[in-house]
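This is a predicted model, so every value here is computed, not measured. When reading the values below, keep in mind they use all heavy atoms of this one structure, side chains included, and skip hydrogens, waters and symmetry mates. Throughout, a chain's letter reflects where its sequence line sits, starting with A, and its residues are numbered from 1.
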Amino acid sequence: MKASELYAPTLRESPAEAELTSHKLMFRAGLIRKAAGGIYSYLPLGWRTMKKIMQIIREEMDAKGGQEIMMPITQPAELWRESGRWAVYGDEMMRMKDRHGREFCLGPTHEEMITSLIRNEVRSYKQLPLMLYQIQNKYRDEIRPRFGLMRSREFVMKDLYSFDKDVDGMNVSYQKMYDAYDRIFTRCGLKFRPVEADNGAIGGGHSHEFTVLAPSGESNIAYCESCDYAASDEKAELKVIKAAPEEMKPLEKVETPNAHTIELVKDFLNVPIEKTIKAVAFQDDDGRLILAFVRGDHEVNEIKVLNAVEGALHLHMAEESAISAAGGSAGFMSPIGIKDGTVIVVDSTVMEMYNAVAGANEPDKHFINVNPRRDFDESKIIVADIRLVREGDPCPNCGAPLKMTRGIEVGQVFTLGQKYAKALGATFLDENGKETVFEMGCYGIGVGRTMAAAIEQNNDENGIIWNRAIAPFEVVVVPINAKNNDQLEYATKLYEELKNAGVDALLDDRKERAGVKFNDCDLIGYPIRVTVGPKTLESGDVEIKIRKSGEVLTFKREEFLEKICSKLKEL
RNA sequence: CGGGGCAUGGCUCAGUUUGGCAGAGCACCUGCCUUGGGAGCAGGGGGUCGCAGGUUCAAAUCCUGUUGCUCCGACCA
């Protein structure tokens with residue numbers, strides 16, 4: 001490919017709306033262009049990288065027995081009604097109607113589609129296990145698309161679905177995918193970590209998110225340096241902290257004027273924050289009031305609360321009116337004396353506190369000497385781990401202090417169990433001729449997000465630094481002055497030798513000044529640049545520059561091919 | 001959804017307060033010159049100032065409405 005014919009519009013400046021480094025660089029290097037909020041076109045360079053990532057994914061999926069298929073983007077509403085998700089998915093689903101008024105959506109995911117695809121075809125355990133995957137556009141009407149390809153509304157995703165005859169089989173499939181993901185992201189040159197994740201409303205089974213470590217990432221990860229534990233903050237388990245036992249003093253109600261925050265309460269009563277109990281009020285979609293209690297210095301993990309409460313699908317902050325209707329008072333709540341019918345979730349650590357301070361369910365009053373074991377009616381409360389992890393909390397595995405970091409979730413593997421197969425009536429006959437529901441798993445990778453994450457992790461002030469495996473081109477050959485025929489000829493020769501050796505090379509034959517070309521090369525981030533100028537022409541040597549390290553190397557003409565190829569392997 | 005901000009040539013923005021010829025830099029085209037890190041000179045093309053109404057002799061500028069984008073918060077791959 002000649003750069004003079006390549007459509008790669010680079011920019012000196014980036015549009016005002018791009019804030020993330022990767023977004024700016026993708027824009028400036030001519031990888032993508034925006035069509036609408038969260039919707040992008042991929043230009044040749046960007047698409048080349050996308051294709052390379054997809055190829056790596058394909059190879060690893062196929063190696064594990066995956067078979068590629070293609071399913072429709074447009075999906076009929078009936079399918080989603082069958083699984084119950086037409087209503088559940090909410091505003092995030094892009095919906096539309098055809099001319100007859102029939103309802104469709106643009107697929108946000110394909111569990112329903114694939115389950116319906118196989119349910120009438122796969123009839124016997126002999127056809128299992130089965131792993132089918134596709135790489136395709138998906139649609140989610142994000143509340144707030146941002147960061148370019150990181151959080152977009154239309155995005156390319158690989159998703160594989162596994163079908164097994166039993167849980168053991170499903171776990172084998174899960175492990176295969178886990179291993180494949182490990183290989184995929186390693187091959188892409190990413191620094192990542194598989195972290196234990198919450199599998200949300202789907203429940204049961206296990207789930208890991210493959211997270212690229214980057215400070216700009218949107219997810220918080222707790223990890224342990226002494227063992228290999230890593231979990232998203234939503235998931236990270238926490239052990240009960242037992243306070244030193246004390247003699248239980250009598251419960252007492254005291255005046256705490258205007259002390260509606262924990263800070264004010266602890267100062268007013270002059271108690272350590274570890275001896276206070278904090279309340280956070282939620283409501284679910286049915287309007288049920290859900291009160292969550294944690295120790296004053298802890299934060300509530302909303303996901304854990306959601307998982308602890310049976311039947312709740314979403315939580316939002318409670319309305320003031322709902323709190324007073326339950327006999328509570330915002331800022332002064334406790335499980336003691338709240339009306340029945342209120343869902344009360346108490347963090348396990350709270351149950352181990354002695355003589356603590358909690359709200360008295362009336363304005364400007366708190367209880368002191370609250371002893372949850374004695375004062376809470378345990379038949380009416382849910383006790384669970386509902387606190388949010390923070391740096392320094394003990395690792396649930398080995399007890400060492402946990403570290404926190406941020407990451408970009410590029411893939412997720414999880415077991416679905418029978419949820420969708422059951423809802424859609426997908427069954428087969430097992431060895432005993434018994435009708436059995438499939439055990440499923442699903443495994444996604446955000447392709448565009450992976451590209452963005454790679455850039456986010458590998459760049460400098462001059463531009464992108466691609467890993468060789470996913471670079472749009474591996475090597476660029478630059479004649480400094482393309483109007484000089486000797487240089488152009490020499491460069492073309494080197495370029496052709498590289499091509500013939502199977503190297504993905506680009507010839508920058510543009511009639512631009514050297515500075516312009518060099519800056520473009522750095523911005524786009526080709527791993528190796530071969531520079532052809534008067535110096536090399538005279539010496540007959542070949543000069544290369546490594547993008548990542550900036551080092552300039554000179555090779556003898558006859559050994560340059562071999563040297564470049566071995567250099568490439570290191571990149 | 002709540003709260004801010006923005007919308008002027010391909011990009012970054014000035015001009016709006018106080019109404020009076022639509023501007024700059026970069027990019028683009030032509031020519032000269034130049035070619036080891038975004039050169040220089042000369043000439044040139046391109047904008048119904050987001051859209052729709054209104055006020056006015058006159059609107060990018062003032063008023064009303066509307067759409068899009070964007071940032072912060074509550075949500076998610």
Side-chain angles (χ1 to χ4, degrees), chain A residues 9-20 23-24 27-28 30 33-39 89-93 107-110 138-159 197-201 207 209-212 217-219 232 234 280 282-283 302-303 306 313-318 407-414 442-450 452-453 462-463 478-484 487-488 510-523 529-538 543 545 550 552:
Chain A
T10 55
L11 301 170
R12 279 200 209 187
E13 292 168 299
S14 52
E17 66 200 48
E19 35 169 355
L20 214 59
H23 187 193
K24 283 184 192 152
F27 210 92
R28 288 221 291 133
R33 286 293 183 264
K34 186 170 81 168
I39 299 177
Y89 230 94
D91 294 334
E92 208 165 286
M93 189 149 66
T109 176
H110 282 73
K138 305 249 172 172
Y139 297 80
R140 294 194 193 166
D141 197 357
E142 285 288 334
I143 293 179
R144 193 176 154 200
R146 56 181 146 172
F147 303 144
L149 297 188
M150 288 286 189
R151 178 161 301 280
S152 51
R153 296 196 292 172
E154 173 179 287
F155 52 97
V156 178
M157 189 167 173
K158 184 282 305 183
D159 53 328
D198 179 76
N199 31 1
S207 173
E209 286 172 358
F210 283 75
T211 304
V212 170
E218 291 187 88
S219 42
S232 71
E234 295 176 346
V280 181
F282 300 99
Q283 279 180 279
E302 205 176 309
I303 302 290
L306 188 62
L313 289 173
H314 298 283
L315 293 183
H316 55 268
M317 287 298 162
I408 301 162
E409 186 195 331
V410 289
Q412 183 165 21
V413 290
F414 55 94
C442 85
Y443 317 87
I445 292 179
V447 180
R449 198 184 261 193
T450 300
N462 296 318
V478 185
I480 281 175
N481 183 357
K483 286 182 189 165
N484 177 308
Q487 282 181 33
L488 186 59
R510 293 176 302 159
K511 293 173 175 51
E512 293 285 351
R513 298 171 57 83
V516 172
K517 297 211 247 187
F518 290 161
N519 279 309
D520 271 352
C521 290
D522 289 349
L523 176 60
R529 186 184 86 200
V530 176
T531 318
V532 174
K535 286 188 232 161
T536 49
L537 221 49
E538 191 175 336
E543 177 188 309
K545 182 168 184 181
V552 178

Walk me through it: do A:Ile445 and A:Phe210 pass the test side-chain contact (heavy atoms from CB on, under 4.5 Å)? CA-CA 9 Å; A:Ile445 292 179; A:Phe210 283 75; over 6 Å; no
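A:Leu306 has its CG atom 13 Å from the C1' atom of B:C76, to the nearest Å. When rounded to the nearest whole Å, the span between CD of A:Glu234 and C1' of B:A77 equals 11 Å. We find that CG of A:Asp141 is positioned 13 Å from C1' of B:C75, with the value rounded to whole Å. Atom CG of A:Leu20 is separated from atom C1' of B:C71 by 14 Å (rounded to the nearest Å). Note: CD1 (A:Ile303) to C1' (B:C76) measures 9 Å, nearest angstrom. One interatomic measurement links the two molecules: NE2 of A:His23 to P of B:U70, which rounds to 8 Å at whole-angstrom precision. Protein atom CZ of A:Phe27 is 10 Å distant from nucleotide atom C1' of B:G10, rounded to whole Å. Rounded to whole Å, atom P of B:C76 lies 13 Å from atom CZ of A:Arg146.
Shown here are the ring-ring contact (aromatic ring centres under 6.0 Å, His included) partners of A:Tyr89, two or more places apart in sequence or in another chain: A:Trp80. For A:Arg153, the side chain to side chain contact (heavy atoms under 4.5 Å, CB included) criterion is met by A:Ile39, A:Met94, A:Asp141, A:Glu142, A:Pro145, not counting sequence neighbours. Applying the side chain to side chain contact (heavy atoms under 4.5 Å, CB included) rule to A:Arg513 yields the partners A:Val516; only residues at least two apart in sequence or on another chain are considered. A search for side chain to side chain contact (heavy atoms under 4.5 Å, CB included) contacts involving A:Val156 returns A:Tyr42, A:Met50, A:Met54, A:Ile135, A:Asn137, A:Val447, not counting sequence neighbours. Scored by the side-chain hydrogen bond (donor to acceptor under 3.5 Å, both in side chains) test, A:Lys158 finds A:Tyr181 as partners (sequence neighbours excluded). The side-chain hydrogen bond (donor to acceptor under 3.5 Å, both in side chains) search around A:Lys535 returns none, not counting sequence neighbours. Remark: A:Lys511 pairs with no residue by the salt bridge (charged side-chain N to carboxylate O under 4.0 Å, His left out) rule, at least two apart or across chains. In this view, A:Glu218 and A:Arg151 satisfy the side-chain hydrogen bond (donor to acceptor under 3.5 Å, both in side chains) rule, not counting sequence neighbours. For A:Phe155, the side chain to side chain contact (heavy atoms under 4.5 Å, CB included) partners two or more places apart in sequence, or in a different chain, are A:Lys138, A:Arg140, A:Ser152, A:Met157.
Using atom P as the reference point in both B:C51 and B:G10, the two lie 13 Å apart (nearest Å). Taking atom P in both B:U55 and B:C71, the straight-line distance is 38 Å, to the nearest Å. Between B:C69 and B:C76, the distance separating the two P atoms is 22 Å to the nearest Å. Here, B:C6 and B:U66 have their C1' atoms 16 Å apart, quoted to the whole Å. Comparing B:A59 with B:C49, their C1' atoms are spaced 11 Å from each other, to the whole Å. Nucleotides B:G47 and B:A22, compared at atom C1', are 8 Å apart to the nearest Å. Taking atom P on both B:G68 and B:G31, the two are 45 Å apart, rounded to the nearest angstrom. Taking atom C1' on both B:G19 and B:G15, the two are 13 Å apart, rounded to the nearest angstrom.
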Sugar-phosphate atoms are those with a prime plus P, OP1 and OP2; base atoms are the rest. Using that split, label each nucleotide of nucleotides 34-41 of chain B B, S or - for protein heavy atoms under 4.0 Å, 5' to 3'. BBBBBB--
So which protein N/O to nucleotides 42-47 of chain B N/O distances come out below 3.5 Å?
none

Please write out each protein N/O paired with an N/O of nucleotides 4-9 of chain B under 3.5 Å, distance rounded to 0.1 Å.
none

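With hydrogens and angles left out, the side chain of A:Arg151 and the base of B:C76 share a donor-acceptor pair within 3.5 Å.
Closest approach to the A:Arg449 side chain among B:C76, B:A74, B:A77 is made by B:A77 (side chain taken as heavy atoms from C-beta onward).
In this structure, A:Met150 and A:Ala453 approach most closely via the heavy-atom pair CE-N, 4.0 Å. Nearest heavy-atom pair across A:Pro9 and A:Arg33 is O-NH2, 2.9 Å.
When both distances must be under 3.5 Å, the Watson-Crick or G-U wobble mate of B:U48 does not exist. Pair assignment for B:G73: B:C1, on the basis of Watson-Crick or G-U wobble contacts that are both within less than 3.5 Å. B:G38 makes up no base pair with any nucleotide shown, lacking Watson-Crick or G-U wobble contacts both under 3.5 Å. Across all strands shown, B:A60 forms no Watson-Crick or G-U wobble pair with both distances under 3.5 Å.
A:Ile480 CD1 to A:Leu537 CG: the interatomic distance, rounded to the nearest 0.5 Å, is 10.0 Å.
Positionally, the nearest nucleotide of RNA chain B for A:Glu13 lies more toward the 5' end than for the other of A:Ala36 and A:Glu13. Between A:Glu154 and A:Lys34, it is A:Lys34 whose nearest contact on RNA chain B lies nearer the 5' terminus.
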